[in-house]
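Letters A, B, ... mirror the listed sequences (proteins, then strands); counts begin at 1. In this text, all values refer to a predicted model and were calculated from it rather than measured experimentally.
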Amino acid sequence: MESTVIKSRNFNASFGSNHVVKNVNIDIPRNHVIAVMGPSGCGKTTYLRCINRMHELIPGASSSGEMKLNDEDVYQMHPIFVRLKIGMVFQRPNPFPNLSIYDNVIAGYKLNGIKLPKAERDRIVEHSLTRVALWNEVKDSLNKKGSFLSGGQQQRLCIARAVAMEPEVLLFDEPTSALDPISTSTVEELFHELKVNYTLIIVTHNMQQAARVSDKTAFFFMGELVEYDDTKIMFTNPKDNRTQNYITGRFS
Amino acid sequence: MVTRSDLPLRVINSTPEAILKAKKRARRSFRQIRTENVFKRTLSIMGLVIIILVLGILLTLVVQSLPSIKALGLKYLWSKVWDPVQDIYGAWPFLLGTLLSSFLALIISIPFSIAVAIFLGEYHPKGWLPNFLKNTVELIAAVPSVIYGFWGLAVLVPIVRSFESSIGVEPVGVGIFSSSLILAVMIIPYAASLGRSMIHLVPSHLKEAAYGLGATRWEVIRSVVLPYTKSGLFAGILLSLGRALGETMAVTMVIGNTSLIPKSIFAPGNTMASVIANEFTEADKPVYLSALIELGLVLFLVTVVINLIGKKIIDRFTNE
Ligand SMILES: Nc1ncnc2c1ncn2[C@@H]1O[C@H](COP(=O)(O)OP(=O)(O)O)[C@@H](O)[C@H]1O
Ligand SMILES: [Mg+2]
């Protein structure tokens, strides 16, 4: 039987009095790619940011309910450990502009004050960049600033930065919406390889992308989790007619 | 006069009432254009007046300094004795007094202003306490400097005096050190509020990148916020320095007013601004007066340059 990594029960999130995520129950199986889709403004980003407790960084934001990582309540853990175990990749590639490519990859270790011998650092950098298929492109310019890379390369650098911390889960918030089609497909190819070691939760409003890359799909609508099933079933035989309408393009 | 041929075709083929309406509208817009032009010209004249005023001040300073520049030459700046009775004029004691008191004030105030900037910019941007703190800090800049002088004489000087006797220097109280303390308080708002707005400008996606990697608040501030804002913070410090160099009233009241070269930071002295304020009315000889005005010219140029550099850095920072 496959084990559950992330488990939410009756999970709610708000911005002040704006109730944005409503009573979400979900079980996310290990080493799978989960797509989260839904019309814009339906709370996908907010839900994703609740998983690694980034939501609470926004003044006035609050949440309630159960969010478990391997049966441990995320909201009982220290947020720093949560974010080390659940990495995040953002919509816009955000490498640190003042750091080199090399330093960007090990930024997580530096930020957390973890000192590593040079050989170990080198190994992590090479390994992480190889995982995101960037090593061959940048191995001769590791000391250049990360901001010189193309958008797609920057996004893969950000994935490498998250991977370098060896998290269990990786969260992606519309990771390709700022990328051109070719960079998009390189990033999409990565998902298949990354799921061997990690569990991937990917917010996207691109249905083709959800269909291409994910094993399971969750459909959010106005803050509710309307339907959650195997991606094949969701796209061929959705049970809820809101899902059906969305997939057939009746609203966006 | 609007004639038929001035009107759009659509109007020509319509009723007399419509034509009348269109004429009115046309006249109205002519009037608007005229008002707009007058308004624009008024603004340019106002702007020009200000520029002429500043240039005029500079010119006055230069012209009035000429007698002293001619008589004393460049060595005026580093001559160590100021004795108007003997007609000896050297600016060095005041240059030194100004530099000492301003930089000391800067060193004392930087930790406070940066702490306030980080607290308000990153830790607590909203809420009543931060708001109260922000307004209080801004109020510091609004208090008239003579009040600081008063407070300095009444409260600070006695404290400094007992501090001085406890560490075994001559307990004068008034002096460079006291003026530095007063100046430090007075310049906090400049670096603090500029720093606060610079910290607000740090893109949240960069901070989130660090938070997402498990960084703590302090780690985000140290590794993302401070590197990103360092030039802005530096500009804020420069602007405070400009303020400290030129501050007159409060300093004049607590610095002790002597034209001797200060032997230590606890000794009495004078800054360029305070010696002008102190001696301007008693300058009875043309060269004496001119020498004081030349001090003013130096002060003017130094503060202008410092402000320009500060503004330049801010511009570059906010345009990036
Ligand atoms: N920082 C914020 N402050 C206040 N409200 C927000 C913030 N971010 C998002 N919201 C609100 O939360 C709702 C859901 O937003 P979001 O989770 O970003 O949707 P999605 O990612 O599905 O497009 C929206 O109605 C939005 O107005
Ligand atoms: Mg979103």
Visitor: Heavy atom to heavy atom, less than 4.5 Å: which residues from residues 102-116 of chain B reach chain A?
Guide: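 Counting heavy atoms that sit under 4.5 Å from chain A, no residue of residues 102-116 of chain B is involved.
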Visitor: With a 6.0 Å cut-off (strictly less than), is the heavy-atom count around CZ of A/F15, excluding the residue itself, greater than 12?
Guide: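 Atom CZ in A/F15 is crowded, with more than 12 foreign heavy atoms closer than 6.0 Å.
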Visitor: Where does A/P95 contact chain B at under 4.5 Å (heavy atoms): side chain, backbone, both or neither?
Guide: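 Contact with chain B involves the backbone of A/P95 alone.
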Visitor: Would you mind checking which part of A/R161 comes under 4.5 Å of any heavy atom in chain B, side chain (CB onward), backbone (N, CA, C, O), both or neither?
Guide: both
Visitor: Does B/Y123, at its OH atom, have more than 12 non-hydrogen atoms belonging to other residues, nucleotides or ligands within less than 6.0 Å?
Guide: yes
Visitor: Which of residues 191-218 of chain B have a heavy atom under 4.5 Å from any heavy atom of chain A?
Guide: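 Residues in range: B/H205, B/L206, B/E208, B/A209, B/A210, B/Y211, B/G212, B/L213, B/G214, B/A215, B/T216.
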Visitor: Less than 4.5 Å apart, side chain to side chain, heavy atoms only: is that true for B/Y228 and A/N98?
Guide: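 Result no, sub-4.5 Å side-chain heavy-atom pair not found.
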Visitor: Just wondering, more than 12 heavy atoms not from A/K144 lying within 6.0 Å of its NZ?
Guide: no
Visitor: Would you say OH of A/Y75 has more than 12 non-hydrogen atoms from neighbouring residues, nucleotides or ligands within 6.0 angstrom?
Guide: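 Above 12, so yes.
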Visitor: Would you please go through residues 162-179 of chain A and name the residues with a non-hydrogen atom below 4.5 Å from one of chain B, in numerical order?
Guide: A/A162, A/M165
Visitor: Return yes when atom CZ of A/R30 has more than 12 non-hydrogen atoms of other residues, nucleotides or ligands closer than 6.0 Å, and no otherwise.
Guide: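 Buried by this count: over 12 neighbours within 6.0 Å.
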Visitor: A/D122: what forms a salt bridge (Lys or Arg N to Asp or Glu O under 4.0 Å) with it, not counting sequence neighbours?
Guide: A/K118
Visitor: Evaluate whether atom CZ of B/F234 has more than 12 neighbouring non-hydrogen atoms of other residues, nucleotides or ligands under 6.0 angstrom away.
Guide: no
